[in-house]
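Some notes on the structure that comes next.
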Amino acid sequence: MAENMIIASNFIQNAIDEDLKNGKYSEGIHTRFPPEPNGYLHIGHAKSICLNFGLAKKNNGMCNLRFDDTNPTKEDVEYVDSIQDDVKWLGFTWDDRMFYASNYFDKLFECAMELIKAGKAYVCDLNAEQMRQYRGTLTEPGQDSPYRSRSIEENLDLFMRMQKGEFADGERVLRAKIDMAAPNINLRDPILYRISHTAHHRTGTTWCIYPMYDFAHPISDAVEGITHSICTLEFEDHRPLYDWLLESLGYDVAKRPRQIEFARLNITDTVMSKRKLRQLVEGGYVTGWDDPRMPTISGLRRRGYTPEAIRDFCDRIGVAKSNSLVDVAMLEHCVREDLNERADRIMAVLQPLKVVITNYPADECEYMMAENHPHKGGHRFVPFTREIYIEQEDFMEEAPKKFFRLKPGGEVRLKHAFIIKCEEVIKDTAGQIVELHCTYDVDTKSGSANSGRKVKGTLHWVSAKFAVPAEVHLYDYLLKTEENSVESTNFIDELNPNSLEIINTCMIEPSVAWTAPGTRYQFLRQGYFCVDKDSTKEHLVFNRIVGLRDSWAKAKKV
RNA sequence: UGGGGUAUCGCCAAGUUGGUAAGGCACGGGAUUCUGAAUCCCGCAUUCGUUGGUUCGAGUCCAGCUACCCCAGCCA
């Protein structure tokens with residue numbers, strides 16, 4: 001499945017095919033994934049990563065990892081480390097091609113000088129407020145800056161002095177000289193360089209002027225020999241500027257990078273913008289960037305998602321230009337499909353209900369052979385004793401006809417063990433069911449000659465004597481958007497108050513008492529779970545990755 | 001009232017030079033089952049935002065509408 005890295009036909013691949021057919025980029029295609037190190041990667045970035053690395057792979061090209069670190073006020077090394085971890089974990093490699101836009105600061109400075117000399121850039125003294133006024137509006141053209149006609153010599157002098165640190169932050173900027181009346185606002189003499197006396201995470205205090213994204217990006221792409229510069233839709237309006245810069249700097253049309261935009265990913269019931277994710281972290285609504293409820297790569301990883309499932313998801317959702325909102329069920333389907341194949345099965349009871357098997361000897365214990373996977377072989381032995389626990393919801397005193405679990409006088413099979421019959425319901429003085437008295441049928445032991453007798457239901461269970469206690473975290477969506485809910489202006493108001501449910505009553509079969517963090521299991525009949533990174537032998541903690549599909553739950557609702 | 005985009009099944013999404021609507025998810029039905037899981041069948045757009053036009057024939061070409069998204073950071 002995901003291993004095949006099949007990228008379904010999409011408009012970007014079609015464009016590449018076309019370019020190749022026309023003899024462009026004879027040296028092969030080259031893409032890049034250019035995150036800004038100012039936050040953690042999320043599944044929307046995974047879409048871009050899979051796209052860029054996938055396109056390179058499919059076309060026998062290469063994909064670079066490039067940190068777009070042109071704004072020292074927002075960026076930090078903490079993020080460059082996590083980003084590398086995440087891309088690697090997703091299964092991609094950039095070999096020795098990891099770059100930083102900041103590597104090109106010298107080159108960028110030279111390009112700026114070149115533009116000035118060509119009369120295509122000038123130093124402007126307008127302050128931010130004035131510049132906004134001169135820019136015009138969406139419907140009205142802007143006006144030329146009074147500094148627009150400075151001589152090349154003066155511009156050169158001023159720009160060098162900007163670089164030397166002679167001016168304060170915001171005092172002057174370098175602007176491209178394009179057209180203040182352009183209907184596309186990005187062409188109204190966009191800023192190329194700003195002054196910021198801020199230390200950069202890589203270049204330290206070497207620079208006090210930093211290039212803007214619009215200036216640094218096309219040049220970085222060209223320097224690295226990128227052929228297809230893939231970005232999201234909001235940069236569509238910037239493409240004319242991207243092209244203008246490369247053209248003005250004399251890059252060969254036949255070889256220069258081409259920007260192509262695609263729609264970013266949105267998923268139902270969650271948030272995806274860095275801003276909102278940061279708000280969740282800083283506001284304490286989640287425990288951190290890697291909270292298992294977060295759609296961040298690190299959150300999904302801790303939750304127990306596999307890189308294969310995420311890649312498969314990215315392949316399935318496709319790539320297009322229409323704004324889309326992908327049903328989270330698609331993501332869940334991808335993990336289930338992957339985990340169904342690879343996760344071993346074990347039995348764990350979340351909400352225990354004690355069952356005493358009255359005709360089973362009190363001091364006896366037999367080890368039942370249990371398959372680890374329905375078709376992958378492997379088995380273990382699970383202790384069976386007189387007292388066991390079953391799931392509370394697997395018993396109903398007054399059950400509907402369609403309920404084929406345990407009920408008074410009814411029979412069920414205990415997975416890997418015997419068929420038992422419910423003889424008596426024991427309640428406390430308050431009328432609460434405290435335990436069940438059952439009898440077992442010796443002839444029905446799983447695997448034995450007479451085990452063929454059929455009963456409607458099969459339950460998971462654990463031995464009361466040998467089961468190990470564990471903490472289980474059940475996750476729900478970050479946003480619980482009721483059907484047709486009114487859009488709130490503040491997404492915090494839409495947060496699902498029950499996105500995390502901690503269960504401390506869980507009892508697990510003893511075979512998993514020593515598992516390492518990160519190990520995934522299917523808890524029979526319940527879902528896929530992953531040993532949390534903070535889990536210890538003394539205190540086991542499991543995260544529910546995703547529940548099993550549950551047609552009974554659906555039937556009940558009707 | 002500026003510019004740039006997008007509109008194909010509940011959700012994604014294919015639809016080469018016009019030839020008579022892929023696939024996945026979800027959903028419904030059935031078979032099977034010592035996981036109400038998985039698996040396996042079967043069903044699920046006479047219709048492509050809308051209105052006209054061209055054509056023997058249009059989702060694909062033309063024109064006009066409409067809806068939604070993005071842009072006025074010295075952010076990316």
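Note that the structure is predicted; figures quoted are calculated from it, not measured. In what follows, chains carry the letters A, B, and so on, assigned in the order in which the sequence lines appear, proteins first and then strands, with residues in each chain numbered from 1.
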*With distance as the sole criterion, do the side chain of Gln526(A) and the base of rU35(B) form a donor-acceptor contact below 3.5 Å?*
no
*Just call it for Arg239(A): base, sugar-phosphate, or nothing, with non-hydrogen atoms closer than 4.0 Å on any strand.*
nothing
*Compare the minimum distances between each of rG3(B), rA37(B), rC25(B) and the side chain of Leu548(A), then state the nucleotide with the smallest one.*
rA37(B)
*Per the atom types in the model, does the base of rG73(B) pair as donor or acceptor with the side chain of Arg132(A) at under 3.5 Å?*
no
*Phosphate contact (rC74(B) OP1 or OP2) by Arg135(A) side-chain N/O below 4.0 Å*: yes
_Using OP1 and OP2 only, check whether a side-chain N or O of Arg66(A) sits under 4.0 Å from rA76(B)._
no
_Of the options rC12(B), rU35(B), rA72(B), whose atoms approach the side-chain atoms of Pro374(A) most closely?_
rU35(B)
*asked:* At 4.0 Å (heavy atoms only), tell me whether Lys274(A) reaches a base, stays on the sugar-phosphate, or touches nothing.
replied: nothing
*For His416(A), report the nucleic acid contact type (base, sugar-phosphate, nothing); a contact means any heavy atom under 4.0 Å.*
base
*Between rA37(B), rA13(B), rG3(B), which nucleotide has the shortest distance from any of its atoms to the side chain of Asp237(A)?*
rG3(B)
*Heavy atoms under 4.0 Å, any strand shown: does His217(A) hit a base, just sugar-phosphate, or nothing?*
nothing
_Ring-plane angle category for Tyr440(A) and Tyr360(A), please: parallel below 30°, perpendicular beyond 60°, tilted otherwise._
perpendicular
*Verify the stacking flag for Trp552(A) against rG36(B): centroid separation must be under 5.5 angstrom and the ring planes must differ by under 30 degrees.*
yes
*What class does the angle between the rings of Trp461(A) and Phe384(A) fall in, given that below 30° is parallel, 30 to 60° is tilted and above 60° is perpendicular?*
perpendicular
*Using a strict 4.0 Å threshold on nitrogen-to-oxygen distance, state whether Asp189(A) and Arg148(A) make a salt bridge.*
yes
*Give the nucleotide from the list rA72(B), rU6(B), rA14(B) with an atom nearest to the side chain of Leu138(A).*
rA72(B)
*Quick one: sort the Tyr210(A) and His200(A) rings into parallel, tilted or perpendicular, breaks at 30° and 60°.*
parallel
_Where the chi angle of rG73(B) falls, syn if within 90° of 0 and anti if not_ = syn
